[in-house]
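Reviewing the structure listed below.
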Amino acid sequence: MDAVNFTLEGFTATAKRKIEDYFGASSSSNTRQNSPGTSNAVGVTPTLSPARVASSESAPKKFKITAGNGRDVVWRQPQKKKVKREQTHEDLSMSDDGEEGSSSSLRRTNSRAKLGLLPSLPLDVLFEIFSHLMPVDILYLSRTTKELRRLLLHRSATFVWKAALENVPELPACPEDLSLPFWTNLVFDSHCQNCLTNNVKSINFLLRVRYCNKCIKIKLTSESTYERENKLHDIILKAVPFSHWNDRRDRYCTIDDKDAFIIALDAVEGDRSAFVEKRREEIKARRLHAKECKKWLKNVTLVREAELEEIRAGREFDIRQKLSVMGYDEELAFLDKMNRGVCAIQPWPGIVMLHSHPDIKQPKPLTERMWSNIEKDMVRYMRRARKLLEQDKHLLVLRKRRIMVHNAYISWRTRGPNLLKYPPDTLMPGPADILEFAVIERLLNTPDETDLKLQSDIVPFLEHHIQPAIETWRLNTLRSLWVRAADSRVCAELEWSIWCPLSTMQANLALAVVVFRCARGVHWVYDEKRIKDDALFPAGTSPRDARDERAPCMWFPEFLFHPCNAVKRYSFDEDRAGEHKNLDVHGEYAWCRRDRWTMEFLPFDAKASRATRNILDACGMDYASTTTAELDGRDPRLACLKCTFGARCDGQRKVRVWAWRDAVQHCLKAHFGDARVTWECLSPPDTAEAKRLEAIECAKRNYLTPQNQKIWKCMRCRDTQSDVGRITWAALQGHFRSNPKHGNADAMEGKEGILYYKALDCAPRELPPVKMIPGKPATNTA
């Protein structure tokens, strides 16, 4: 060692100590490696031969790096270890002399507290400190070091756990069959007791376990796996605690409790009924205790949620104050309005509500440092809210103008000259169609700064521009229907031209062979009473028995005014935004509004058209010129020759008699629209007898009389929110008495088409079935 000291004269004390420690370790390792009989005995300083010194000081072996072994060579290179340099007295003196910030460059050594020193304190002091902590703190302390664990889990520390549990107000007492550490772990810890998964909220005080969703499948067993007929199973169901887990229907018990009970039951000698009864009493006590614990946990959870909510509310208030100072008052009011579900933008904007913003809903009081961190994000958020606010303002202006145009159009259409020019049986555009006219869109898209007035701006504009737009709309709409009817195989034989005048198209659509069918079914969206009034199924039957009538056949003019053509359901966004409330038809069809007239759900029914043609042939009427009104005026009664197997009426056979509309429905339902079905028209005396029998059946089945049928509508309420749909004559008189501006209830005669009109979407009711023995008709001519 003298030689070593002589050679290390110029090194610092720390460096000398490290070198001495290194050579000391080398000498000890060499001593252990030498055998007892060699000259390198213990206490002899080892020496190295020149060859060994040369080999140890030689340069490391060089590798030739190629494209094939480059990666392997790099991986084989030893990584340099970072050696922590300790500061010496010389370093400290240098930092004191010349370096800037010498005080900050000094590092504190052993600055972390060592919990291992806590057991060295006097026990009375230590226990006094622990007794003022919460139970969860004692639990976590017992998991830090072995000394603390040994100290806190000793029986002498029982009073510490009791004192800590007493610090929790209203906490139920620890059960006598549980230890205090186990009870504390069950109540206050958040780890799964099987797999130690963190943040597990599922705790069951009756089973006294806390399991995650994955572990309940392997640690619990359901009571449905046990049978009452089995004696052992019956005892387990009575003497082992079973409890519902979360919201599951079955009750469960722990497999450990079940196995422990079976072992204890096997150990009982003789009569086991006393043992089982004792366990049942214990379970009753556990249930009462579990109920108290569940109530306490619920109260604690509510209190904690209230505290967190108060903190969030304070944080939101502070952020609102800062945003208000920055000039975002209107944006904040708009966000509050959106939170109440009021917004005109569709679809609903995807912006996060203010109280749900990630920077606001944190349960932390706002500090200046926090605000500096989130200020940029909040400004970006408010700028987005400002864009939505501008869009919402524009849509509200458009909504206000649409309502004014709607009211102006209703007022224009109910004027005397316009009622004479466009009677109620004339197909007219609805309010939703008017709002999409190009001329109206130019009016609606006037800059928002322009304040449009109803009487001074919109009404004069409509008087000058609405009539040509209406004529164009009527022409295009009727032509679309005409093209659809003319393209059918039945009507193609008539050689119609699609470029005929408007009057010719309307006359051709009025033919009896032109039949459409509703494929939408919105007309079913009202109560059963209204369905009965619509004659969609006979009285005394259920709507479920009339599912085939969801798509009824319609003739002129019913298919023009059918509600499904211009009514649609509210979408979720429309209902939430309050859009199109001026088009609401809630009085007639729940959750629906008026829409553009469309023929998308109005297909031409070729089978019904062919059946109608066969009926016209049986009646001796020309299908190419007979209109629906003419066939209704004739009102024939017919017998189905397919149902009689071709046998005609001869005065001896009883047959079912049909009106012509019911005959078409019978052909579609019973014979699937077969074009080969033929009919026989009854003679006028037999037709009169059939009508008499039908009247008797209608009285028996309580069919509504013509005076009590809902077939009338108010002209002033047409296409408005106050329109309640079809009403009876008595209800119409009561409506006029309640609304004198709509009409005089005492002077209603002769005012049809002016004050009121007959609903054109109401088809005649299906007549009751009648069977009779008709005679042989003389002729089958009209």
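Atom CZ of Arg596 sits in a sparse spot, with 12 or fewer heavy atoms from other residues, nucleotides or ligands closer than 6.0 Å. Within 6.0 Å of the NZ atom in Lys337, the count of heavy atoms belonging to other residues, nucleotides or ligands exceeds 12. In the displayed structure, Glu307 atom CD is contacted under 6.0 Å by more than 12 heavy atoms of other residues, nucleotides or ligands. Open room surrounds NZ on Lys294; 12 or fewer heavy atoms of other groups in view lie less than 6.0 Å from it.
The shortest distance between side-chain heavy atoms of Met505 and Leu475 falls below 4.5 Å. The shortest distance between side-chain heavy atoms of Val200 and Asn213 does not fall below 4.5 Å. Put simply, the side chain of Cys343 reaches to within 4.5 Å of the side chain of Trp348, judged on heavy atoms. With a 4.5 Å cut-off on side-chain heavy atoms, Trp729 and Ile711 do not count as touching. The side-chain heavy atoms of Tyr570 and Asp584, taken from C-beta on, include a pair separated by under 4.5 Å. Trp412 has its side chain within reach of Ile466: a pair of non-hydrogen atoms, C-beta onward, lies under 4.5 Å apart. No side-chain heavy atom of Ile360 sits under 4.5 Å from any side-chain heavy atom of His355. Annotation: side chain of Trp245 is in contact with side chain of Tyr211 (closest heavy-atom distance under 4.5 Å).
The pair Asp719-Arg594 counts as a salt bridge, with a side-chain nitrogen and a carboxylate oxygen less than 4.0 angstrom apart. For Lys581 and Asp575, the salt-bridge test passes: some basic side-chain N is under 4.0 Å from an acidic carboxylate O. Between Arg402 and Glu579, at least one side-chain nitrogen of the basic residue sits less than 4.0 Å from a carboxylate oxygen of the acidic one, meeting the salt-bridge criterion.
Distance CG/Leu444 to CD/Glu436: 10.5 Å, rounded to 0.5 Å. Note: Leu478 CG to Leu560 CG = 6.5 Å, rounded to the nearest 0.5 Å. A distance of 6.0 Å separates CE in Met428 from OH in Tyr422, rounded to the nearest 0.5 Å. For the atom pair Leu427 CG and Ile470 CD1, the distance stands at 11.0 Å (nearest 0.5 Å). Remark: Ile216 CD1 to Asn246 CG distance equals 6.5 Å, nearest 0.5 Å. We find the CG-CG distance between Leu583 and Leu435 to be 6.5 Å, quoted to the nearest 0.5 Å.
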Exercise. Start with the C-alpha gap between Leu668 and Cys553, add the side-chain angles, then the distance that decides, and say whether side chain to side chain contact (heavy atoms under 4.5 Å, CB included) holds.
Key: CA-CA 10 Å; Leu668 297 177; Cys553 296; 3.4 Å; yes
Practice problem: Mind running ring pair (Phe, Tyr, Trp, His ring centres under 6.0 Å) on Trp712 and Tyr756 for me, showing each step along the way? | Solution: CA-CA 7 Å; Trp712 302 104; Tyr756 57 90; 5.7 Å; yes
Quiz item: Given the rule in the side-chain hydrogen bond (donor to acceptor under 3.5 Å, both in side chains) test, do Asp761 and His562 qualify, once you have shown the distances and angles that lead to the verdict?
Solution: CA-CA 5 Å; Asp761 60 335; His562 188 64; over 6 Å; no
Practice problem: Would you please test Met382 and Met326 for side chain to side chain contact (heavy atoms under 4.5 Å, CB included) and show each step? | Solution: CA-CA 10 Å; Met382 298 308 296; Met326 299 172 67; over 6 Å; no
Practice problem: Kindly determine whether Ile434 and Val405 satisfy side chain to side chain contact (heavy atoms under 4.5 Å, CB included), including the steps that lead there. | Solution: CA-CA 8 Å; Ile434 292 293; Val405 170; 4.2 Å; yes
Self-check item: Trace of the salt bridge (charged side-chain N to carboxylate O under 4.0 Å, His left out) decision for Asp723 with Arg716
Solution: CA-CA 9 Å; Asp723 191 358; Arg716 288 292 184 92; over 6 Å; no
Exercise. Decide yes or no on side-chain hydrogen bond (donor to acceptor under 3.5 Å, both in side chains) for Asn565 and Thr598, but give the supporting numbers first.
Key: CA-CA 5 Å; Asn565 300 338; Thr598 178; over 6 Å; no
Practice problem: Could you walk me through whether Arg312 and Glu309 pass salt bridge (charged side-chain N to carboxylate O under 4.0 Å, His left out), step by step? | Solution: CA-CA 5 Å; Arg312 293 190 187 98; Glu309 189 62 30; 3.6 Å; yes
Exercise. Please step through side chain to side chain contact (heavy atoms under 4.5 Å, CB included) for the pair Ile319 and Trp371, ending with a clear verdict.
Key: CA-CA 8 Å; Ile319 294 178; Trp371 172 248; 4.1 Å; yes
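Shown here for Ile345 and Phe334, the closest heavy-atom pair between the two residues is CD1-CZ, 4.5 Å. Shortest non-hydrogen contact noted between Ile374 and Leu366 is CD1-CD1, 4.3 Å. Here the closest non-hydrogen pair linking Leu443 and Leu452 is O-CD1, 3.8 Å. Of all the heavy atoms in Ala408 and Leu454, the pair that sits closest is CB-CD1, 3.9 Å. Here the shortest heavy-atom pairing between Gly753 and Met715 reads O-CE, 3.5 Å. Residue Arg474 comes nearest to Gln506 through the heavy atom pair NH2-OE1, 3.5 Å, listed as atom of the first residue, atom of the second, then distance.
A donor-acceptor pair under 3.5 Å is absent between the side-chain atoms of Asn739 and the main chain of Lys741, judged by distance alone. Asn418 contributes no side-chain N or O that, together with a main-chain N or O of Thr414, makes up a donor-acceptor pair within less than 3.5 Å. The main-chain N or O of Ala432 is never found under 3.5 Å from a side-chain atom of Asp595 such that the two would form a donor-acceptor pair. Using modelled atom types, no side-chain atom of Thr450 and backbone atom of Thr446 make a donor-acceptor pair closer than 3.5 Å. No donor-acceptor pair under 3.5 Å is formed between the side chain of Ser356 and the backbone N or O of Met353. Within the 3.5 Å criterion, the main-chain N or O of Lys453 finds a donor-acceptor partner in the side chain of Asp457. Within the 3.5 Å criterion, the main-chain N or O of Asn204 finds no donor-acceptor partner in the side chain of Arg210. When atom types are taken as modelled, the side chain of Thr301 and the backbone of Leu297 share a donor-acceptor pair closer than 3.5 angstrom. The main-chain N or O of Ala344 is found under 3.5 Å from a side-chain atom of Asp392 such that the two form a donor-acceptor pair. Side chain of Asp433 to main chain of Trp597: a donor-acceptor pair is present (N/O by atom type, distance under 3.5 Å, no hydrogens or angles).
Note: Phe604 and Phe516 have perpendicular aromatic rings, judged against thresholds of 30 and 60 degrees for the angle between ring planes.
Legend: side chain to side chain donor-acceptor pair (under 3.5 Å) pairs involving residues 374-388, not counting sequence neighbours, sorted by first then second residue: Glu331-Arg386, Asp377-Arg380. Residue pairs meeting the side chain to side chain donor-acceptor pair (under 3.5 Å) criterion with at least one member in residues 315-328, sequence neighbours excluded: Glu316-Arg320, Arg320-Asp336, Lys322-Glu368, Ser324-Asp329.
In this view, Arg401 satisfies the salt bridge (charged side-chain N to carboxylate O under 4.0 Å, His left out) rule with no residue, not counting sequence neighbours.
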